[in-house]
J.: 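The structure under discussion is supplied below as structure tokens; questions concerning it will follow.
Both counts, for ligands and for their atoms, begin at 1 and track the order of listing. Just so you know, these numbers use all the heavy atoms, side chains as well, and skip hydrogens, waters and symmetry mates. Along the sequence shown, the residues carry numbers beginning at 1.
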Amino acid sequence: MSESAPHRRALPLIGQVGGGRSRATCRLRCGDACFHPAPNTSDNAYFGDIFQKVVSRRAALRTSAVTAGAGALGFAALNPAFADRGRGPNRPKPNPRATFHSVLPNNDDQVTIPKGYDQHVIIRWGEPVLPGAPEFDLDNQTAEAQAQQFGYNCDYVGFHQLDDDRALLWVNHEYTNEDLMFAGYPGGAEADLEQIRTAMAAHGGSLVEIERVGGTGQWRLAGGERPFNRRITATTPLRIAGPAAGHELLRTEADPTGTEVLGMLNNCAGGMTPWGTFLSAEENFNQYFNSAPGTPQSNRYGLPTGASRRRWDRVDERFDLSKHPNEANRFGYVVEIDPLDPQAAPVKRTMLGRFKHEGANTRLTEDGRVAVYMGDDERFDYMYKFVSDGRYVEGSRRHNLTLLDSGTLYVARLEGNSPAEEIDNSGELPSDGAFDGTGRWIPLCTATESFVDGFSVAEVLVYTRLAADAAGATKMDRPEDFEASPVTGKVYCALTNNSAREPGQVDEPNPRGPNRYGHILEIIEADNDAAATSFTWNVPIICGDPEDDDTYFAGFDKSKVMPISAPDNLTFDARGNLWISTDGQPGRLGYNDALHVVPVEGRFRGELKTFATVPVDAEACGPFVTPDNKTVFLAPQHPGDGGTLEAPTSTWPDREFPRPSVVCIWHPRGRDVGR
Ligand code: FEO
Ligand code: CA
Ligand code: CA
Ligand code: CA
């Protein structure tokens with residue numbers, strides 16, 4: 001497609017489920033979260049709850065806007081601030097435009113990349129990670145072998161550079177699809193116990209050493225000793241730290257101290273700290289447990305009162321909450337992993353709260369403390385921020401490894417600045433030209449003080465969702481990954497979708513109901529300081545088919561942008577362009593999921609292009625652009641998720657059977673990626 005050619009391709013009507021994924025993905029990844037009533041039953045605000053809508057006034061405004069030709073002229077015509085962007089004394093540095101030719105939407109069973117680029121599969125499910133690990137044997141899998149091999153369903157990808165040509169790659173293994181791992185898998189109630197143990201060993205994460213190939217942007221698995229390589233599984237001992245560690249809510253029969261837990265579960269997105277550790281976020285941990293008591297606390301986290309589908313309790317009784325009621329309180333945290341200390345137990349940082357953590361992305365405050373931005377990926381759940389008490393000290397690893405144990409945990413409350421009657425789900429911008437407004441970070445607790453009536457510090461940190469309900473947080477459309485621009489400091493959040501938001505529940509930060517395609521939120525902290533307790537925000541991108549009236553691409557000409565649905569993981573390149581990977585384009589738009597890139601500053605703000613598409617039924621996870629801008633890492637997760645091992649819908653990457661894998665993409669002539 002030529003760059004100026006409009007994208008005009010009829011979008012097929014697809015039977016959609018849940019968040020726009022295959023039925024199997026919903027069941028196995030999220031425990032069918034979107035098929036249950038949203039667990040947030042608090043009466044926290046949607047603006048639609050508060051204000052009586054005056055539709056007639058909005059209709060009048062719409063008429064005048066159309067008369068003025070605003071619909072055709074787009075957002076810039078309505079918003080002088082944005083129209084002036086790129087001019088005047090405060091002009092931001094213009095971003096280099098992404099000049100590659102977009103990959104077209106497709107349903108091909110491959111990773112498709114722009115012309116001129118090359119790709120390489122770095123590591124596949126089952127390949128050896130630990131030195132001496134056995135080669136993968138599909139027909140004779142064991143838990144012992146899997147615990148030494150690359151796990152299943154790679155998600156977040158982190159990159160820790162050792163020198164110019166060597167690096168450590170951290171990869172989350174979010175969940176398993178046993179129907180694609182084992183032939184004739186009968187389900188958790190009937191499964192061979194070794195199959196369940198193998199699946200448990202395929203969870204967690206992998207750390208692998210990689211090396212650059214010939215000075216290019218290509219990376220491959222390193223040979224030699226690889227002393228840093230490691231696997232974390234569902235049975236690896238992890239330390240519990242922070243203010244809730246040792247609290248009675250975290251104590252169990254096996255761990256009366258409440259400070260050590262076996263495994264991390266459903267680790268989805270993540271982030272990196274300035275001191276070089278990885279943060280890995282436990283998301284849909286609820287689905288692994290049986291027989292929850294049905295209390296307000298367990299219901300708010302979606303813990304099943306009956307049997308789980310996975311039936312891990314058959315091999316480890318701790319997953320039966322009727323016998324070990326506190327075990328589930330030990331999951332749902334951000335885990336810190338030190339890649340340079342293979343002996344150190346990963347640490348669950350309770351100070352960052354317990355919820356369905358999607359990611360954990362850091363930014364330093366003006367005075368050198370660390371802020372961590374986090375989403376709770378559930379319909380109508382919240383956005384959080386942590387700010388440390390202590391300052392980051394370069395080179396002082398021991399000190400820095402204490403920073404996430406003490407600070408303030410906040411939850412976000414947002415207010416729009418347009419009259420509620422103008423937020424009418426019509427797909428049109430309000431008369432001030434933007435879905436935008438102000439927000440506050442509401443403190444929930446510090447390490448020693450709770451700000452939520454009726455909650456102790458430990459209760460805030462273990463029952464964070466309920467504390468945030470009580471604090472009056474704003475219900476968002478499934479907050480997924482956050483990322484701060486390295487150029488401007490502005491913070492972005494992917495709100496992936498929310499089919500449960502009804503038309504009467506729209507508000508300015510979540511202006512579409514049902515929100516089938518998701519949107520992006522841009523947050524500008526007061527004084528551009530990550531420590532701020534107030535901020536302004538706007539919605540720069542409302543996703544979907546650009547031909548649909550209710551989509552919006554920062555005012556950019558919509559005939560020149562690509563379709564996008566279900567934004568999930570975010571990352572930035574060093575030039576300040578935002579990369580967005582998706583989880584749910586197949587069920588929403590009828591195309592494979594993709595990795596898109598979009599400038600967020602300058603005159604090309606909103607010009608969204610597609611850099612890569614992933615195989616059939618896969619989700620585009622883990623995008624990471626190396627600091628030298630020469631490589632993109634991408635983790636196509638759950639290829640073939642709609643089928644079985646005997647009848648897969650994908651055979652990527654080797655045309656044998658589907659294998660979740662990590663690829664790198666680079667330009668053989670050394671161009672910056674995405675230019
Ligand atoms: Fe595991 Fe919210 O994606
Ligand atoms: Ca507004
Ligand atoms: Ca995700
Ligand atoms: Ca990210």
J.: Taking backbone and side chain together, does Glu619 place any N/O/S atom at a distance below 3.0 Å from the Ca ion (ligand 3)?
T.: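 Checking Glu619: none of its N, O or S atoms is under 3.0 Å.
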J.: Between the main-chain N or O of Asp550 and the side-chain N or O of Asp548, is there a donor-acceptor pair closer than 3.5 Å?
T.: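 Judged by distance alone, no pair lies under 3.5 Å.
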J.: Kindly confirm whether the Ca ion (ligand 2) is within less than 3.0 Å of some N/O/S atom in Phe435?
T.: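 Checking Phe435: none of its N, O or S atoms is under 3.0 Å.
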J.: Can you check whether Arg379's main-chain N or O pairs, donor with acceptor, with Arg478's side chain at less than 3.5 Å?
T.: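 No, Arg478 side chain to Arg379 backbone: no donor-acceptor pair under 3.5 Å.
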J.: Flag Asp436 as yes if one of its N/O/S atoms falls below 3.0 Å of the Ca ion (ligand 2), otherwise no.
T.: yes
J.: What's the atom name of the N, O or S in Glu283 nearest to atom 1 (Fe) of ligand 1?
T.: OE1
J.: What angle, in degrees and rounded to 10°, do you get at the Ca ion (ligand 2) when you join it to OD1 of Asn417 and to O of Ala434?
T.: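 Rounded to 10°, it measures 150°.
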J.: Before moving on, can you tell me the angle at the Ca ion (ligand 2) between the OD2 atom of Asp432 and the OG atom of Ser418, to the nearest 10 degrees?
T.: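 Seen from the Ca ion (ligand 2), OD2 and OG are separated by roughly 80°.
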J.: Quick check: Phe572 with Tyr492 (ring centres under 6.0 Å apart)?
T.: yes
J.: Can you tell me which residue among Thr464, Asn44, Asp376, Thr474 is in a side-chain hydrogen bond (donor to acceptor under 3.5 Å, both in side chains) with Tyr382?
T.: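 The side-chain hydrogen bond (donor to acceptor under 3.5 Å, both in side chains) with Tyr382 is passed solely by Asn44 among Thr464, Asn44, Asp376, Thr474.
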J.: To the nearest 10°, what's the angle at the Ca ion (ligand 3) between atoms OE2 (Glu358) and OD1 (Asp568)?
T.: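 Vertex the Ca ion (ligand 3), arms to OE2 of Glu358 and OD1 of Asp568: 80°.
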J.: Check Glu174 and report its N/O/S atom nearest to atom 1 (Fe) of ligand 1, by atom name.
T.: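 Going through the N, O and S atoms of Glu174 one by one, OE2 ends up nearest to atom 1 (Fe) of ligand 1.
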J.: Restricting to N/O/S atoms, is Asn538 within less than 3.0 Å of the Ca ion (ligand 2) or not?
T.: no
J.: Among Asn498, Thr496, Asn497, which one satisfies side-chain hydrogen bond (donor to acceptor under 3.5 Å, both in side chains) with Asp477?
T.: Asn498
J.: In terms of relative ring orientation, are Trp170 and Phe278 parallel, tilted or perpendicular, with 30° and 60° separating the classes?
T.: parallel
J.: Suppose we call two aromatic rings close when their centres sit under 6.0 Å apart. Are Phe331 and Phe285 close by that rule?
T.: no
J.: Do Pro105 and Pro563 come within less than 4.5 Å of each other through their side chains, counting heavy atoms only?
T.: yes
J.: State whether Asp377 contributes an N/O/S atom found under 3.0 Å from the Ca ion (ligand 3).
T.: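 Looking at Asp377, which is the residue asked about, there is no N, O or S atom under 3.0 Å from the Ca ion (ligand 3).
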J.: Tell me, which N, O or S atom in Glu508 is closest to the Ca ion (ligand 2)?
T.: OE2
J.: Are any N, O or S atoms from Cys30 nearer to atom 1 (Fe) of ligand 1 than 2.8 Å?
T.: no
